[in-house]
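Report on one structure; see the data block that follows.
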Amino acid sequence: MLSRILEEELNRQINEELFSAYLYFAMSAHFEAENWKGFASWLRIQAIEELGHADRLYKFVIEKGGRVELQSIEKPTKDWKNVLSAFEDGLKHERHITERINHLMDIAIKEKDYASQSMLKWFVDEQVEEEANFSEIVAKLKMIEDSPRALFYLDHELAKRAK
Ligand SMILES: [Fe+2]
Ligand SMILES: [Fe+2]
């Protein structure tokens with residue numbers, strides 16, 4: 001069984017992961033329209049990964065005998081002034097998700113819920129990678145500044161990300 005609070009917080013996290021997918025799909029669509037196909041592709045793969053995170057939590061709540069209750073998903077921002085601002089938003093968002101996962105882990109530890117702790121450990125590790133991915137791209141975009149050539153090159157590089 002899940003405690004009431006953990007059930008609520010895990011449901012909230014399902015919503016957070018679905019919003020993450022929405023946010024990256026929105027960024028991807030934005031860059032598709034701007035013809036930055038590599039950035040668009042990278043972000044679309046990221047969005048699909050986020051759907052997988054939501055599904056992981058969804059399955060866990062059900063397996064633990066909890067109830068999944070879906071809430072409405074917030075509408076993401078549609079416009080970003082440049083590639084850097086989008087990826088900075090992504091990094092900021094991932095840091096927020098890390099805080100959420102830490103919060104969930106705090107509750108699971110307090111409640112001595114070992115199954116939830118074990119499940120959440122996967123997310124703790126995943127967030128290290130998520131933040132590192134966005135950080136690395138943000139750092140590169142800052143180096144690039146206004147060089148279109150370098151931006152084309154990075155777009156080409158990110159197009160190589162596989163599922
Ligand atoms: Fe996620
Ligand atoms: Fe993420």
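Position 1 is the first residue of the sequence; numbering continues from there.
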Working for side chain to side chain contact (heavy atoms under 4.5 Å, CB included), residues Lys142 and Glu88: CA-CA 10 Å; Lys142 281 183 177 163; Glu88 274 177 335; 3.4 Å; yes

Residues His96, Glu99; criterion side-chain hydrogen bond (donor to acceptor under 3.5 Å, both in side chains); working and verdict: CA-CA 5 Å; His96 160 73; Glu99 278 176 23; 5.1 Å; no

Derivation and outcome, side chain to side chain contact (heavy atoms under 4.5 Å, CB included), residues Leu6 and Glu111: CA-CA 9 Å; Leu6 209 47; Glu111 292 182 349; 3.8 Å; yes

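Without hydrogens or angle criteria, Ser118 side chain to Tyr114 main chain gives no donor-acceptor distance under 3.5 Å. The closest donor-acceptor contact from the side chain of Asn15 to the backbone of Ser72 lies under 3.5 Å. When atom types are taken as modelled, the side chain of Asn11 and the backbone of Arg67 share a donor-acceptor pair closer than 3.5 angstrom. His30 places a side-chain N or O within 3.5 Å of a backbone atom of Trp80 that can act as its donor or acceptor partner.
A salt bridge links Arg12 to Glu16: at least one charged side-chain nitrogen sits closer than 4.0 Å to a carboxylate oxygen. Of the charged side-chain nitrogens involved, at least one lies within less than 4.0 Å of a carboxylate oxygen, so that Lys140 and Glu136 count as a salt-bridged pair. With respect to the salt-bridge test (charged N to carboxylate O, under 4.0 angstrom), the residues Lys110 and Asp106 do not qualify.
Surrounding CG of Asp146 are at most 12 heavy atoms belonging to other residues, nucleotides or ligands under 6.0 Å away. Heavy-atom neighbours of Lys112 NZ from other residues, nucleotides or ligands within 6.0 Å: at or below the threshold of 12. Around the NZ atom of Lys37, the shell of radius 6.0 Å holds more than 12 heavy atoms that belong to other residues, nucleotides or ligands. Enclosure of atom CD in Glu69 is not indicated, since only 12 or fewer non-hydrogen atoms of other residues, nucleotides or ligands lie within 6.0 angstrom.
Between Phe87 and Trp42, the angle of the ring planes lies from 30° to 60°, which puts this pair in the tilted group. Taking the six-membered ring where the residue is Trp, Phe152 and Trp36 present tilted rings, their angle falling between 30° and 60°. Note: Phe31 and Phe39 have tilted aromatic rings, judged against thresholds of 30 and 60 degrees for the angle between ring planes.
Linking ILVMFWY side-chain heavy atoms closer than 4.5 Å, directly or via other members, places Tyr153 and Leu84 in two distinct hydrophobic clusters. Residues Ile144 and Val138 share a hydrophobic cluster, clusters being chains of Ile/Leu/Val/Met/Phe/Trp/Tyr side chains in contact below 4.5 Å.
Arg100 is linked by a side chain to side chain donor-acceptor pair (under 3.5 Å) to Glu9, Gln13, counting only residues two or more places apart in sequence or in another chain.
When each of Tyr58, Phe60, Tyr24, Trp122 is checked for a ring-ring contact (aromatic ring centres under 6.0 Å, His included) with His53, only Trp122 meets the rule.
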